[in-house]
Amino acid sequence: MDFYYSPRGSGCRTVIMVAKALGLELNKKLVNTMDGDQLKPEFVKLNPQHTIPTLVDNGFSIWESRAIVVYLIEQYAKDDSLFPKDPKEQALVNQRLYFDMGTLYESFAKYYYPLFRTGKPGTDEDFKKIESSFEYLNIFLEGQDYVAGDHLTVADIAILSSVSTFDIFDFDLSKYPNVARWYANAKKVTPGWDENWNGLLELKAVFDARLSAAKQ
Ligand SMILES: N[C@@H](CCC(=O)N[C@@H](CS)C(=O)NCC(=O)O)C(=O)O
C-alpha cells in the first residue's frame, strides 16, 4: 500500500509506528509540503484536503492519521489489542484519540507553529492550553501504565507521537510525573520508536535552520 508522508509529521510518525506494530510494509512516498508537493493535481485527486499522511490501499484512499491507523488495525491486525472490540474499551481509546487530536496536539500547533512561521511562539494563553492538556493527561495516567486500559493501544501510539514532538522542543515533562513515567515506558515498548525519533531529529534540524536564517 502507498503511504504519502514526511518523516517529520506527527500524524505520519503515528502511522509508521502502528504499521510497524502490525508488521505491515508501507510503500513510502515522500511528500515535501514545504515545496508544495501536496498541491499537485495527482495528489489532490487522492486527497482533496491535500494533507499528509495519506494512505492508498488497493485504490482505497484514506487520510487523517488517526482514521488511517484505526483502518489498518481493523483491516489487518491479528487481534484486537491495539483497538479493542469491546464497546467501552474502544470508547476509551476513541476518547483519548480525540483528546490527542483536538486538545493535546492542537495545543502544540497553536503555540509552536507560529515559531516555525515567524520565529515567535504563540501567546501566554496558548501556552496555558499546553499546560492544561498535560495536566489532563497526567490525570488520565494516575495509577495507569497506558493511556486507555491496561495494555498498549493505538491511543498510546498517537499520544506518543504528540508527546515526543513536545519533547524534541524541550517542553518540560517533569512537572507531569505520570506522563513522564508513561513516556519512558512507551518509548521502550512501542515498535518503530527509533524511526519516530529520527523523524523528530529531522524536524528539529529544519526548525533550527529556519530560526537561524530568520535571525540573520
Ligand atoms: N489531523 C491531520 C493533520 C494533517 C496535516 O495537517 N498535515 C500537514 C503536515 S503535518 C499537511 O499535510 N499540510 C499540508 C497542507 O495542509 O496543505 C492528521 O493527523 O492527519
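One is the number of the first residue; the rest follow in order along the sequence. Start at 1 and go down the list; that is how both ligands and their atoms are numbered.
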Select the closest option to [atom] among [options], judged by heavy-atom distance.
{"atom": "atom 7 (N) of ligand 1", "options": "D100, T51, I52", "answer": "I52"}
{"atom": "atom 10 (S) of ligand 1", "options": "G102, G9, P53", "answer": "G9"}
{"atom": "atom 15 (C) of ligand 1", "options": "R66, M101, E106, H50", "answer": "H50"}

Apply the test salt bridge (Lys or Arg N to Asp or Glu O under 4.0 Å) to residues D37 and K40: give CA-CA distance (whole Å), side-chain angles for both, the deciding distance (0.1 Å), then the verdict. CA-CA 6 Å; D37 286 352; K40 291 184 179 155; 3.4 Å; yes
Which residue in the set T14, V15, D100 passes side chain to side chain contact (heavy atoms under 4.5 Å, CB included) when paired with R66? D100
What residue pairs, at least two apart or across chains, pass salt bridge (Lys or Arg N to Asp or Glu O under 4.0 Å) with a residue in residues 26-36? K28-E195
Top protein contact for atom 13 (N) of ligand 1, by heavy-atom distance: T33 CG2, 4.2 Å
Protein heavy atom at shortest distance from atom 1 (N) of ligand 1: E64 OE1, 2.8 Å
For residues S6 and N32, is any side-chain donor paired with an opposing acceptor at under 3.5 Å? no
What I want to check is whether the side chains of T165 and R13 have a donor and an acceptor closer together than 3.5 Å. yes
Answer yes or no: does an N/O atom from Q49 fall short of 3.5 Å to an N/O atom of ligand 1? no
Output yes when a protein non-hydrogen atom is found under 4.0 Å of atom 3 (C) of ligand 1, and no otherwise. no
Counting heavy atoms under 4.0 Å, the part of Q38 that contacts ligand 1 is side chain
Enumerate donor-acceptor pairs with a distance under 3.5 Å from any side-chain N or O in residues 103-117 to protein atoms, sequence neighbours excluded.
unit_1, atom_1, unit_2, atom_2, d
Y105, OH, Y113, OH, 2.8
S107, OG, L104, O, 2.7

Using a strict cut-off of less than 4.0 Å between a Lys/Arg side-chain nitrogen and an Asp/Glu carboxylate oxygen, indicate whether E25 and K20 qualify as a salt bridge. no
Provide the number and element of each atom of ligand 1 under 4.0 Å from a heavy atom of S65. 18 (C), 19 (O), 20 (O)
